[in-house]
2 protein chains.
Amino acid sequence: MRTSSRDIIFERLRQVGLRPTRQRVSLARIMFAQGDRHVTAEDLFTEAKGARVNVSLATVYNALHDFTAKGLLREIFLDTNRSYFDTNTGDHHHFYFERSGRLEDIPTDAIRIAGLPSAPEGATITRVDVIIRVND
Amino acid sequence: MRTSSRDIIFERLRQVGLRPTRQRVSLARIMFAQGDRHVTAEDLFTEAKGARVNVSLATVYNALHDFTAKGLLREIFLDTNRSYFDTNTGDHHHFYFERSGRLEDIPTDAIRIAGLPSAPEGATITRVDVIIRVND
DNA sequence: ATAGCTGCAAATGCTTTGCAAGGCC
DNA sequence: GGCCTTGCAAAGCATTTGCAGCTAT
């Protein structure tokens, strides 16, 4: 894989203001190569090792947070143990299968939220999370 | 405070199948004395100490989880750091003020969710969390 | 009496940090 | 060259666990 001016990942990182370092490019490739995914730091770390990409776990955390801060990922909190990073940053919600820990996207238009109260004075809504917990 | 047959807290614990031990009764009193609240384990531990109630932090965690398992509390996950326990177990949602970490109830009837997708085959919906994140 | 609780301290496990070495522009 | 990143290992922290000693019934 070259990092020519045509390389999408490379350019995307640069666009959002992140230096396209070897590690970030490799991790981004893994994350964004497979469509929408829900990944933990440990997941990504393991995948990277499997792909012969040498990164430290700390760098994985750094990258995930950097990507999230730049809007390339969305972080989801389902329990105290770990957080998931979602490559789908568009408007959508989630099914969370509590037993298996699996997470599934629900397209926005499947749910309509009416009467969303406006944020209190001065505050702006950052985002709305809807998590439907199910027993599987 | 007596633990007579008229004691609400005492009886409530027994009703749900939890032995009304000194620690549980004391913690439940603190939790349920003040209307709807959002409390962390550490919060409750601190309050207990302030009220001269001797409990270990481990017991606070045990009690919070026992109460949650019996439907007396609802656990809310907002970030990786800690979880909150909500004394309001009724149907309602939350405003989360990301900067200050404050949590505010939104009555159910303020929001209407239409077209809630039914749970996948065989699965049942445990609960629906709606968290509106705002900048404060 | 006895099954269920509590307390303490140690152990977990995810995530963050400190800091020297390395790499992008 | 200068500043941002990385890597490693060492913290950090909320939460859980193990187990001996209690206690509610």
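Each chain gets a letter, A, B and so on, in the order the sequences are listed, and its residues count up from 1.
What separates CZ of B:F85 from C1' of D:dT15 is a distance of 10 Å, to the nearest Å. Straight-line distance from the CG atom of A:L27 to the P atom of D:dT5: 14 Å, rounded to whole Å. Atom P of nucleotide D:dT5 and atom CG of A:D66 are separated by 7 Å, given to the nearest angstrom. Put simply, CG on B:L64 is 15 Å from P on C:dC5, counting in whole angstrom units. Put simply, CZ on B:R82 is 14 Å from P on C:dT16, counting in whole angstrom units. Atom CD in A:E42 sits roughly 16 Å away from atom P in C:dT12 (whole-Å rounding). If you take CZ of B:R22 and P of D:dT23, they are 7 Å apart, rounded to a whole angstrom. Going from atom CG of B:D43 over to atom P of D:dA14 covers 11 Å, rounded to whole Å.
Under a 3.5 Å cut-off, the side chain of B:R133 and the backbone N or O of B:L78 do form a donor-acceptor pair. Judged purely by atom type and a 3.5 angstrom limit, B:D136 uses its side chain to pair as donor or acceptor with the backbone of B:S100. Of the possible donor and acceptor atoms, one in the side chain of A:T87 sits under 3.5 Å from a partner among the backbone N and O of A:R37. Between the A:H65 side chain and the A:A63 main chain, no donor and acceptor come within less than 3.5 Å of each other.
Two residues, A:G17 and B:T21, neighbour DNA chain D, and the one matched to the more 5' nucleotide by heavy-atom proximity is A:G17.
Bending across the helix from C:dA1-D:dT25 to C:dC25-D:dG1, expressed as the angle between its end axes from five pairs apiece, amounts to 40° (10° rounding).
Nucleic acid contact for A:S83: sugar-phosphate only, since backbone atoms but no base atoms lie under 4.0 Å from a heavy atom of the residue.
The listed nucleotides are D:dT6, D:dT15, C:dT6; the one nearest the side chain of A:R24 is D:dT6. Among the nucleotides C:dC8, D:dT25, D:dT15, the one closest to the side chain of B:F10 is D:dT25. Relative to the side chain of A:Y61, the nucleotides D:dT25, C:dT15, D:dT6 differ in distance, and C:dT15 lies closest. Of the candidates D:dT25, D:dG7, C:dG7, D:dT25 carries the atom nearest the B:R14 side chain, counting heavy atoms from C-beta on. With D:dT15, D:dG7, C:dC5 as the candidates, the nucleotide lying closest to the side chain of A:T59 is D:dG7. Checking C:dT15, C:dA3, D:dT5 against the side-chain heavy atoms of B:R19 singles out C:dA3 as nearest. When the nucleotides D:dT25, D:dG7, C:dT6 are ranked by their closest atom to the side chain of B:N62, C:dT6 comes out on top. Among the nucleotides D:dT5, D:dA14, D:dC8, the one closest to any side-chain atom of A:S56 is D:dC8. Closest contact between the side chain of A:T80 and the listed nucleotides C:dT6, D:dA24, D:dA14 involves D:dA14.
Surrounding CZ of A:R74 are more than 12 heavy atoms belonging to other residues, nucleotides or ligands, all under 6.0 Å away.
Classification of the B:H94-B:H38 ring pair by plane angle, with boundaries at 30° and 60°, yields perpendicular.
Among the candidates B:L44, B:V39, B:L27, the single residue satisfying the side-chain contact (heavy atoms from CB on, under 4.5 Å) test with B:L64 is B:L44. The one candidate from B:T40, B:V55, B:D43 that meets the side-chain contact (heavy atoms from CB on, under 4.5 Å) condition with B:V60 is B:V55.
At C:dG7, one or more side-chain N or O atoms of B:Q23 fall inside 4.0 Å of OP1 or OP2 (strictly under the cut-off). Under 4.0 angstrom from either OP1 or OP2 of D:dT15 there lies no side-chain N or O belonging to B:H65.
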